[in-house]
Student: 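Below is the structure I would like to discuss, written out as C-alpha cells.
Chain identifiers are assigned alphabetically (A, B, ...) following the order of the sequence lines, protein sequences preceding nucleic acid strands; residue numbering begins at 1 within each chain.
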Protein chains: 2
Amino acid sequence: MQTLTHPTPEQLRLEAVLDALASPVRLRIVGRLAQGAELTCGTVLPDVPPSSASHHWRVLRESGVLFARREGRVIVHSLRRDDLDGRFPGLLDAVLSALPARAADES
Amino acid sequence: MQTLTHPTPEQLRLEAVLDALASPVRLRIVGRLAQGAELTCGTVLPDVPPSSASHHWRVLRESGVLFARREGRVIVHSLRRDDLDGRFPGLLDAVLSALPARAADES
DNA sequence: GCCATCGTTCGATGAAGTACGTACTGCCGT
DNA sequence: ACGGCAGTACGTACTTCATCGAACGATGGC
C-alpha cells in the first residue's frame with residue numbers, strides 16, 4: 001500500500017477538480033467534509049461497498065480536492081480549502097452553496 | 001432536425017453543469033463565449049470536425065451552460081450567465097477566472 | 001505472534017462518454 | 001429549383017469511468 005499521493009497546489013488542474021466534483025457520490029463526501037469535521041473513509045457512504053468508496057476518495061484526493069493522512073489504523077480526510085481557494089477563488093464556495101442540504105441528514 | 005432544447009432555470013443541475021465544464025474542449029468554448037460575443041458553432045474549434053464539435057455544443061446546451069437560437073442559416077450561442085448566477089451564484093465567475101488566458105489567442 | 005479492522009489494489013464487467021465519417025435537414029442566394 | 005453552407009443525426013469504434021467481489025497490506029490490541 002503505497003503512500004498517499006497529493007498534487008501540489010501548483011499542480012491543481014481545473015478540469016480535474018471539476019471532474020471530481022461532477023459526481024453525486026463525491027459531492028456527498030465534499031458536502032460532509034465542508035461541515036468542518038475530518039472524516040474517515042467509512043464514515044460517509046455506508047451504503048457503498050468499500051472498494052467503490054475507496055475509488056471515489058481517491059479521485060477526490062488525486063484531483064486535490066481533499067487531503068488524506070494516515071492516523072493509526074484509519075485515514076483522516078480534510079478539505080483542501082486554502083489550496084483550492086488559492087488556485088480557483090470562489091469555486092469551492094460556489095459549489096458548496098449550490099449543494100442541497102441533503103448532506104446534513106445522512107450518516 | 002428537431003428544435004433546440006434547453007433546461008429551464010429550475011431544471012439546472014449542478015452535476016450536469018460541472019460535468020459539462022469538466023472538459024478542455026468545452027472550457028475553450030465557454031472561455032470564448034465569456035468574452036462577450038455571441039458565437040456560431042464553426043467559430044470556435046476549427047481543428048475539430050463538425051460532428052465532434054456539435055456534440056460538445058450540445059452537452060453545453062443541454063446542461064444549461066449556454067443558450068442556442070437559430071438565426072437564419074447559423075446557430076447563435078450565448079452564455080446563460082443570469083440563469084447560472086441565479087442557481088449557482090459565483091460558480092461561473094470562479095470557473096472563468098480560473099481559466100488560462102489561452103482562449104484569447106485562439107481563432 | 002495472532003487476529004480483527006480499515007482501507008487499498010487487482011481484475012472483470014457493464015455503462016457511459018468521446019471521436020468521427022457519412023448522410024441528412026434547413027436555410028439562403030442566385 | 002438548384003447548389004452550397006451550417007449544423008445535426010446516426011452508426012460505429014474506441015476509450016474512459018463506475019461498480020463490485022475478492023485478495024492483499026497495514027496497523028493496533030491482545
Student: Is B/Arg28 salt-bridged to B/Asp47, cutoff N-O under 4.0 Å?
Tutor: yes
Student: Going from CD on B/Glu71 to CD1 on B/Ile75, what distance comes out if it is rounded to the nearest 0.5 angstrom?
Tutor: 11.0 Å
Student: If hydrophobic clusters are built by linking Ile, Leu, Val, Met, Phe, Trp and Tyr wherever their side-chain heavy atoms come under 4.5 Å apart, do B/Leu33 and B/Val74 end up in the same one?
Tutor: no
Student: Does A/Pro50 reach a base, just sugar-phosphate, or nothing at all? Heavy atoms under 4.0 Å.
Tutor: base
Student: Step by step, work out the side-chain contact (heavy atoms from CB on, under 4.5 Å) result for A/Val59 and A/His55.
Tutor: CA-CA 6 Å; A/Val59 171; A/His55 164 69; 3.7 Å; yes
Student: Looking at CG of A/Leu12 and CZ of A/Phe88, how far apart are the two atoms once the value is rounded to the nearest 0.5 Å?
Tutor: 5.5 Å
Student: State the CD-CG distance between A/Gln35 and A/Leu96, to the nearest 0.5 angstrom.
Tutor: 10.0 Å
Student: Do B/Ser54 and B/Ser51 pass the side-chain hydrogen bond (donor to acceptor under 3.5 Å, both in side chains) test, and can you show the C-alpha distance, the side-chain angles, and the key distance before you say yes or no?
Tutor: CA-CA 5 Å; B/Ser54 181; B/Ser51 58; over 6 Å; no
Student: For A/Val74 and for A/Ser51, locate the closest nucleotide of DNA chain C by heavy-atom distance; then report the residue assigned to the nucleotide nearer the 5' terminus.
Tutor: A/Val74
Student: For B/Arg61 and B/Ala68, work out which heavy atoms get closest and say how close.
Tutor: CD-CB, 3.7 Å
Student: Whether B/Thr40 contacts D/dG7 is assessed here as follows: a side-chain N or O lying under 4.0 Å from the phosphate OP1 or OP2. Is that the case?
Tutor: yes
Student: Test side-chain contact (heavy atoms from CB on, under 4.5 Å) on A/Arg81 and A/Leu92; report intermediate values, then the result.
Tutor: CA-CA 7 Å; A/Arg81 275 186 189 275; A/Leu92 185 59; 3.9 Å; yes
Student: With a 4.0 Å cutoff (strictly under), does any side-chain N or O of B/Ser54 reach OP1 or OP2 of D/dG7?
Tutor: no
Student: Measure from CZ on A/Arg69 to C1' on D/dA26 and round the result to the nearest Å.
Tutor: 17 Å
Student: Measure the distance from CD1 on B/Ile75 to P on C/dC28 and round it to the nearest whole Å.
Tutor: 13 Å
Student: If we fit an axis to the first five pairs and another to the last five of the helix from C/dG1-D/dC30 to C/dT30-D/dA1, what angle do they make, to the nearest 10°?
Tutor: 30°
Student: Closest nucleotide of DNA chain C for A/Gly42 versus for B/Val48: which of these residues is on the 5' side?
Tutor: A/Gly42
Student: Taking CZ from A/Arg58 and P from D/dT19, how many angstroms apart are they, rounded to a whole number?
Tutor: 15 Å
Student: Report each atom pair, protein N/O against N/O of nucleotides 14-16 of chain D, whose distance is under 3.5 angstrom.
Tutor:
none

Student: Taking atom P of C/dG7 as reference, at what distance in whole Å does atom CZ of A/Arg61 sit?
Tutor: 13 Å
Student: Whole angstroms only, please: what is the NE2-P distance between A/His55 and D/dG21?
Tutor: 15 Å
Student: Please tabulate, one pair per line, each protein N/O and nucleotide N/O from nucleotides 28-30 of chain D that are separated by under 3.5 Å, including the distance.
Tutor:
none

Student: Could you state the atom-to-atom distance from CG of B/Asp47 to P of C/dA19 in whole Å?
Tutor: 11 Å
Student: Check the pair A/Leu39 / A/Val76 against side-chain contact (heavy atoms from CB on, under 4.5 Å), numbers first and verdict last.
Tutor: CA-CA 5 Å; A/Leu39 299 172; A/Val76 180; over 6 Å; no
Student: In terms of side-chain geometry, is the basic nitrogen of B/Glu38 or B/Arg69 positioned less than 4.0 Å from the acidic oxygen of its partner?
Tutor: yes
Student: Applying a 4.0 Å non-hydrogen cut-off, can you work out what B/Arg26 is touching in the nucleic acid: base, sugar-phosphate, or nothing?
Tutor: sugar-phosphate
Student: Please say yes or no: joined through hydrophobic side-chain contacts below 4.5 Å, possibly via intermediate residues, are B/Phe67 and B/Leu91 part of one cluster?
Tutor: no
Student: Of the listed nucleotides (D/dT19, C/dT9, D/dC20), which one gets closest to any side-chain atom of A/His56?
Tutor: D/dT19
Student: Can you check the B/Trp57 CH2 to D/dA9 P distance for me, whole Å?
Tutor: 15 Å
Student: Can you tell me how far P of C/dG7 sits from CZ of A/Arg70, to the nearest Å?
Tutor: 8 Å
